[in-house]
Number of protein chains: 2
Amino acid sequence: MCEKVIEINFGDSLSNLSLKASSLKCPPPFLLKTYELLEEGSEVEDEMKIVSWNEEGNGFVVWSPAEFSELILPRFFKHNNFSSFIRQLNTYGFKKISSKRWEFQHEKFQKGCRHMLVEISRKKCEPSVFPSYLKSCSEENGMANNSSVEENNDNNHELLMEENKNLKKERMELQMQIAECKALEMKLLECLSQCMDRQQNKVRRLC
Amino acid sequence: MCEKVIEINFGDSLSNLSLKASSLKCPPPFLLKTYELLEEGSEVEDEMKIVSWNEEGNGFVVWSPAEFSELILPRFFKHNNFSSFIRQLNTYGFKKISSKRWEFQHEKFQKGCRHMLVEISRKKCEPSVFPSYLKSCSEENGMANNSSVEENNDNNHELLMEENKNLKKERMELQMQIAECKALEMKLLECLSQCMDRQQNKVRRLC
DNA sequence: GGGAATATTCCC
DNA sequence: GGGAATATTCCC
């Protein structure tokens with residue numbers, strides 16, 4: 001469906017930067033399929049509508065989740081679960097904007113704007129949340145997670161460099177810890193093995 | 001389909017150790033489905049066989065990849081691609097054991113041994129402690145030096161953020177590894193302690 | 001064969 | 001709504 005990404009060297013890093021992740025790439029399959037099922041679904045007469053763009057064209061509505069799941073989803077995706085569809089919407093940053101109906105919105109997902117789809121990307125799972133037993137570790141580095149607002153780039157740049165340096169140091173320390181752990185593991189296994197051997201021998205001798 | 005894992009405390013860390021990730025769990029869907037399609041496929045007469053256990057029952061053969069992809073795969077999985085099936089086999093550690101036919105084997109995947117499936121698990125991409133770390137460290141240091149030329153601040157900022165994100169992810173993974181190491185250490189210590197207790201008791205009894 | 005991105009499922 | 005495991009795809 002999509003063509004390969006074409007590499008173009010503009011000999012101009014600014015152009016390259018602004019084109020990054022935009023017009024040369026095709027949108028993720030999920031977004032394209034959702035856009036296409038809306039194009040198709042919006043053509044139906046009102047009474048029969050299962051899914052369509054909303055009035056403003058800046059979002060869409062699933063009018064009948066049951067029919068949507070049974071009839072539409074399997075034609076576009078490899079499943080017929082409404083919840084899996086919702087999970088994907090959330091992954092791509094869509095918001096449910098009504099409590100009364102299944103209406104979703106994303107800034108870059110609008111009627112007639114297929115070209116904007118490439119600007120939408122999956123939310124990546126940031127390692128900010130640690131399991132409880134690691135919490136004390138993560139709290140030491142508490143500053144790190146607050147920086148997501150990023151109002152000031154210059155200032156941020158220095159902070160970032162500092163943080164990266166610290167992270168690398170930390171990485172080295174953690175790697176050392178792991179190496180020590182592994183070494184201890186080996187020793188313990190050796191001990192255990194010896195202990196079991198001795199046990200056998202003593203029993204034999206004493207018998 | 002599968003019931004929840006039942007936690008059983010054997011009060012004996014040796015048993016616990018040997019039971020690790022085994023009989024209480026249900027097998028991953030992929031393994032169960034593959035096993036089932038083989039049960040079904042092996043009943044067919046020889047001439048018509050598309051897929052079946054091999055003669056020894058310690059592996060299986062896809063006799064006709066084309067028919068297998070078209071007729072069997074979509075009944076058990078959400079696709080009809082032979083290569084996706086192969087990718088899963090590799091993920092679970094199966095080996096292709098013949099260059100003449102599509103024959104695959106896994107130690108714990110045998111005819112009549114459905115109960116052994118739970119012993120098979122997905123290969124996890126665990127970076128082995130020493131060599132890979134040293135390698136990645138040196139590589140990243142190299143990159144850092146190059147980027148210090150700083151031709152483009154914006155670009156650099158993005159690279160830094162990217163690196164920062166990756167470092168945090170790496171940190172979390174390392175912390176997880178350490179947590180696992182510590183847990184194993186505890187188990188081993190417990191084992192050792194029990195083993196030594198038993199040794200003492202037996203000696204005493206025999207004296 | 002396997003790394004990595006995306007999709008689907010399961011579960012909190 | 002989102003974390004995380006498993007499945008599927010894509011690419012080297």
Side-chain angles (χ1 to χ4, degrees), chain A residues 1-5 7 21 25-34 69 73-74 76-99 102 104-106 117-118 120-132 134-135 138, chain B residues 1-5 21 25-34 37 69 73-74 76-99 102 104-106 117-118 120-128 132 135-136 139 162 165-166 168-170 172-173 176 179-180:
Chain A
M1 185 185 294
C2 276
E3 299 178 53
K4 286 218 166 201
V5 174
E7 297 274 340
K25 281 165 64 178
C26 60
F30 171 74
L31 297 173
L32 210 50
K33 289 175 183 174
T34 304
S69 304
L73 285 180
F76 289 84
F77 304 99
K78 290 175 183 291
H79 65 84
N80 57 1
N81 305 310
F82 193 53
S83 56
S84 291
F85 179 70
I86 303 295
R87 185 73 197 82
Q88 281 281 69
L89 290 177
N90 287 323
T91 299
Y92 282 96
F94 284 73
K95 297 293 175 200
K96 188 166 183 292
I97 57 164
S98 167
S99 58
W102 293 97
F104 300 90
Q105 210 176 37
H106 186 295
L117 298 183
V118 292
I120 305 176
S121 58
R122 292 165 70 88
K123 287 194 256 178
K124 282 174 189 169
C125 44
E126 296 185 25
S128 52
V129 181
F130 286 76
S132 56
L134 291 175
K135 192 125 186 287
S138 66
Chain B
M1 184 188 294
C2 276
E3 300 175 51
K4 285 219 166 200
V5 175
K25 282 163 63 178
C26 62
F30 171 74
L31 297 173
L32 211 49
K33 288 175 183 173
T34 304
L37 72 82
S69 303
L73 284 181
F76 289 85
F77 305 100
K78 290 175 182 290
H79 65 85
N80 57 1
N81 304 310
F82 194 52
S83 55
S84 292
F85 179 70
I86 305 293
R87 185 72 198 84
Q88 281 281 68
L89 289 177
N90 287 323
T91 299
Y92 282 97
F94 284 73
K95 297 293 175 201
K96 188 166 183 294
I97 58 166
S98 167
S99 58
W102 293 97
F104 299 90
Q105 210 175 39
H106 186 295
L117 299 182
V118 292
I120 306 176
S121 58
R122 292 166 71 89
K123 286 194 258 179
K124 283 175 189 168
C125 39
E126 295 180 50
S128 66
S132 63
K135 194 171 161 235
S136 71
E139 275 170 3
E162 180 75 13
K165 208 178 357 175
N166 289 336
K168 283 180 186 168
K169 188 177 163 203
E170 222 180 317
M172 188 186 58
E173 287 163 357
M176 297 288 274
E180 278 170 22

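What you see below is based on every heavy atom in this structure, not just the backbone, and it leaves out hydrogens, waters and symmetry mates. Chain A is the first sequence line, chain B the second, and so forth, proteins listed ahead of strands; every chain is numbered from 1. Note that the structure is a prediction, hence the values are computed from the model and not measured.
- No side-chain heavy atom of A:Phe76 sits less than 4.5 Å from a side-chain heavy atom of A:Phe30.
- Legend: residues meeting ring pair (Phe, Tyr, Trp, His ring centres under 6.0 Å) with A:Phe104, ordered by chain and number and at least two apart, are A:Phe60.
- Residue pairs meeting the side chain to side chain donor-acceptor pair (under 3.5 Å) criterion with at least one member in residues 78-90 of chain A, sequence neighbours excluded: A:Arg87-A:Thr91.
- C:dG2 atom C1' lies 16 Å from atom NZ of B:Lys96, rounded to whole Å.
- Rounded to 10°, the angle separating the first-five-pair axis and the last-five-pair axis of the helix from C:dG1-D:dC12 to C:dC12-D:dG1 equals 0°.
- Distance CZ (A:Phe94) to P (D:dG1): 13 Å, rounded to an integer number of Å.
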message: If you apply the rule side-chain contact (heavy atoms from CB on, under 4.5 Å), what do you find for A:Tyr92 with A:Lys123, and how did you get there?
response: CA-CA 6 Å; A:Tyr92 282 96; A:Lys123 287 194 256 178; over 6 Å; no

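- As a whole-Å value, the separation of B:Lys33 NZ from C:dT8 P is 13 Å.
- Put simply, CZ on B:Phe77 and CG on B:Leu37 are 6.0 Å apart, with the number rounded to the nearest 0.5 Å.
- By the side chain to side chain contact (heavy atoms under 4.5 Å, CB included) test, A:Ser121 pairs with no residue at all, sequence neighbours left out.
- Between the CG atom of A:Leu73 and the C1' atom of C:dA7 there is a distance of 13 Å, given to the nearest Å.
- Atom CG of B:Leu32 and atom P of D:dA5 are 20 Å apart (whole Å).
- In this model, the phosphate group of D:dT6 is not approached by any side-chain N or O of B:Tyr92 to a distance below 4.0 Å at OP1 or OP2.
- Rounding to whole angstrom units, CZ of residue B:Phe30 and P of D:dA7 are separated by 8 Å.
- Proximity of residues 78-89 of chain A to DNA chain D (heavy atom under 4.0 angstrom from any strand atom) is restricted to A:Lys78, A:Arg87.
- Residues passing the ring pair (Phe, Tyr, Trp, His ring centres under 6.0 Å) test with A:Phe94, sequence neighbours excluded: A:His106, A:Phe109.
- Atoms CG (A:Leu31) and C1' (C:dA7) sit 12 Å apart, rounded to a whole Å.
- A straight line from CG of B:Asn90 to P of D:dT8 spans 15 Å, rounded to a whole angstrom.
- Taking A:Arg122 as the reference, nothing meets the side chain to side chain donor-acceptor pair (under 3.5 Å) condition, with sequence neighbours excluded.
- Contact annotation for B:Phe76: no contact, since no heavy-atom pair falls under 4.0 Å across all strands.
- When all heavy atoms of B:Phe85 and B:Thr34 are compared, the closest pair comes out as CE1-OG1, 3.8 Å.
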